[in-house]
Amino acid sequence: MKTTKNFSWPLFGQDVRTYRIFVVAVVLIMAMMSAVVTIAIDAIQTDLNESMDPSVILNTMYYKVIILIPVFLLVVVVANALVSSQVDHGSMAYILSTPTERRAVALTHVMFLLLSPLVVMGIVCGVKCVLNEQIAGDSDAAVTIVKFAGIYVLTEAIAAVCFLGSCLFNHSNRALIFGGGITVWCFIASLLGVFGAEELVEMGVGIEQLDIFNQMTLVGLLDMPAMETVVSNEVNYDFLWKLGVLAGVSVVSYLLGALRFCKKDLPL
């Protein structure tokens with residue numbers, strides 16, 4: 001297939017070949033985590049019929065911490081490798097020596113960063129829906145789909161920030177410090193913020209003051225309690241504007257990264 005000013009099929013195919021094993025590994029890891037957590041939640045709910053249900057803690061941890069680890073690792077590594085690492089190793093000089101323009105390189109890599117997490121989330125969401133129905137007896141897939149859609153938007157915000165760092169810096173270690181550092185902070189703040197969640201505080205196992213960390217991370221914009229109301233008679237639409245903010249972060253970061261890559265001097 002031909003390369004145009006805006007997209008390069010050969011380069012996209014190269015991205016797919018390079019990272020397909022990584023993507024498959026992330027899917028398998030996330031599917032395994034989903035199975036373990038679903039089985040554990042079902043076992044807890046079966047054995048315990050108390051007001052303080054530990055399954056609530058595990059379910060919150062699953063969506064706000066556990067499931068984020070593999071996909072965050074994927075986008076941090078890939079976003080860093082697509083631009084700054086190629087400049088570091090000299091492979092970018094070869095790519096730009098072909099008729100492929102910088103704009104096509106940037107937009108092709110952005111497309112890969114948009115599609116690869118989408119494939120991962122789509123597969124894992126399907127697995128989780130099946131697990132919920134077969135193990136937990138939960139046949140309502142709408143909430144799960146909305147939650148994974150939210151996680152995808154969050155993942156794209158992280159991926160875009162990492163891509164921006166990869167385009168800002170010519171050295172991969174600096175780009176990794178920028179994008180990886182922000183990602184690690186978001187994850188750690190989310191981990192601490194989980195124990196400040198309202199549902200955990202009401203159960204007596206959370207600390208209200210820790211909720212401040214949810215205001216200091218992009219993960220805090222993932223409003224799971226509001227998403228869980230999508231099948232109720234009183235839907236809380238607050239999660240939509242929060243996802244809108246994450247989407248805005250993605251668009252701005254991808255755009256700034258692509259513009260920076262197209263205009264900056266490269267040590268080719």
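These numbers come from a predicted model, not from an experiment.
Proximity of Val37 to Met61: side-chain heavy atoms (C-beta onward) are nowhere separated by under 4.5 Å. By the 4.5 Å heavy-atom criterion applied to side chains, Glu234 and Thr229 are not counted as neighbours. Between Ser166 and Leu82 there is no side-chain heavy-atom pair separated by less than 4.5 Å. Looking only at side-chain heavy atoms (C-beta outward), Val71 and Met121 come within less than 4.5 Å of each other. In this structure, the side chains of Leu11 and His109 come closer than 4.5 Å at one or more pairs of heavy atoms. Taking 4.5 Å as the limit, some side-chain heavy atom of Phe178 sits within range of a side-chain heavy atom of Val161. A heavy-atom distance below 4.5 Å is not found between the side chains of Phe163 and Ser253. For the pair Leu154 and Leu68, the minimum side-chain heavy-atom distance is below 4.5 Å.
With Ser8 contributing its side chain and Ala104 its backbone, the two residues share no donor-acceptor pair below 3.5 Å. Looking at Ser84, its side chain never comes within 3.5 Å of a backbone N or O of Phe169 through a donor-acceptor pair. Proximity of a side-chain donor or acceptor of Arg103 to a complementary backbone N or O of Cys262 within less than 3.5 Å is not detected. Within the 3.5 Å criterion, the main-chain N or O of Lys64 finds a donor-acceptor partner in the side chain of Ser190.
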Criterion side chain to side chain contact (heavy atoms under 4.5 Å, CB included) on Arg260 and Val83, from CA distance to verdict: CA-CA 11 Å; Arg260 174 60 177 167; Val83 180; over 6 Å; no
Steps toward side chain to side chain contact (heavy atoms under 4.5 Å, CB included) verdict (Phe12, Thr108): CA-CA 6 Å; Phe12 184 79; Thr108 300; 3.7 Å; yes
Stepwise side chain to side chain contact (heavy atoms under 4.5 Å, CB included) check, Leu73 with Val26: CA-CA 9 Å; Leu73 178 62; Val26 169; over 6 Å; no
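Between Tyr63 and Phe148, the two ring planes are perpendicular [angle over 60°; tilted spans 30° to 60°]. Between Phe112 and Tyr19, the ring-plane angle classifies as tilted under the 30° and 60° cut-offs.
In this structure, CD1 in Ile188 is found 7.5 Å from CH2 in Trp185, a value given to the nearest 0.5 Å. Once rounded to the nearest 0.5 Å, the distance linking CZ of Phe261 with CG of Asn170 reads 10.0 Å. Here the CG-CG distance, from Leu246 to Leu222, works out to 7.5 Å after rounding to the nearest 0.5 Å. Rounding to the nearest 0.5 angstrom, the gap separating the CD1 atom in Ile95 from the OG1 atom in Thr100 is 8.0 Å. To the nearest 0.5 angstrom, Gln86 atom CD is 12.0 Å from Tyr94 atom OH. Here the OH atom belonging to Tyr254 is positioned 4.5 Å from the CG atom belonging to Leu114, to the nearest 0.5 angstrom.
Applying the ring-ring contact (aromatic ring centres under 6.0 Å, His included) test to residues at least two apart or on different chains, none of the pairs has a partner in residues 211-253.
Across every non-hydrogen atom of Val153 and Leu243, the tightest pair is CG1-O, 3.6 Å. When all heavy atoms of Gly196 and Asp211 are compared, the closest pair comes out as O-CB, 3.5 Å. Summarising the geometry of Val219 relative to Cys186, their closest heavy-atom pair is CG2-O, 3.9 Å, with the distance given to 0.1 Å. Here the closest heavy-atom approach between residue Thr38 and residue Lys128 is recorded as OG1-NZ, 3.3 Å. A pairwise comparison of heavy atoms in Asn80 and Ser172 identifies OD1-O, 3.1 Å as the closest pair. Closest non-hydrogen pair, Ala79 versus Ala159, comes out as CB-O, 4.1 Å.
Using a 4.5 Å cut-off between side-chain heavy atoms of Ile, Leu, Val, Met, Phe, Trp and Tyr, with links allowed through other members, Val252 and Leu107 fall into different hydrophobic clusters. A continuous path of ILVMFWY side-chain contacts below 4.5 Å connects Ile69 to Val78, so both sit in one hydrophobic cluster. Cluster annotation: Met32 is not connected to Ile135 through the hydrophobic network of ILVMFWY side chains, with a link wherever side-chain heavy atoms come within less than 4.5 Å. By the criterion of side-chain heavy atoms lying less than 4.5 angstrom apart, applied directly or through intervening Ile, Leu, Val, Met, Phe, Trp or Tyr residues, Val16 is grouped together with Val105 in one hydrophobic cluster. Under the 4.5 Å side-chain heavy-atom criterion for Ile, Leu, Val, Met, Phe, Trp and Tyr, Ile182 and Val251 are members of distinct hydrophobic clusters.
For the salt bridge (charged side-chain N to carboxylate O under 4.0 Å, His left out) test, residues two or more places apart in sequence or in another chain that qualify with Asp223 are Lys242.
Val24 forms part of a hydrophobic cluster together with Leu28, judged by ILVMFWY side-chain heavy-atom separations under 4.5 Å.
Atom CD of Gln215 has more than 12 neighbouring heavy atoms from other residues, nucleotides or ligands inside a 6.0 Å radius.
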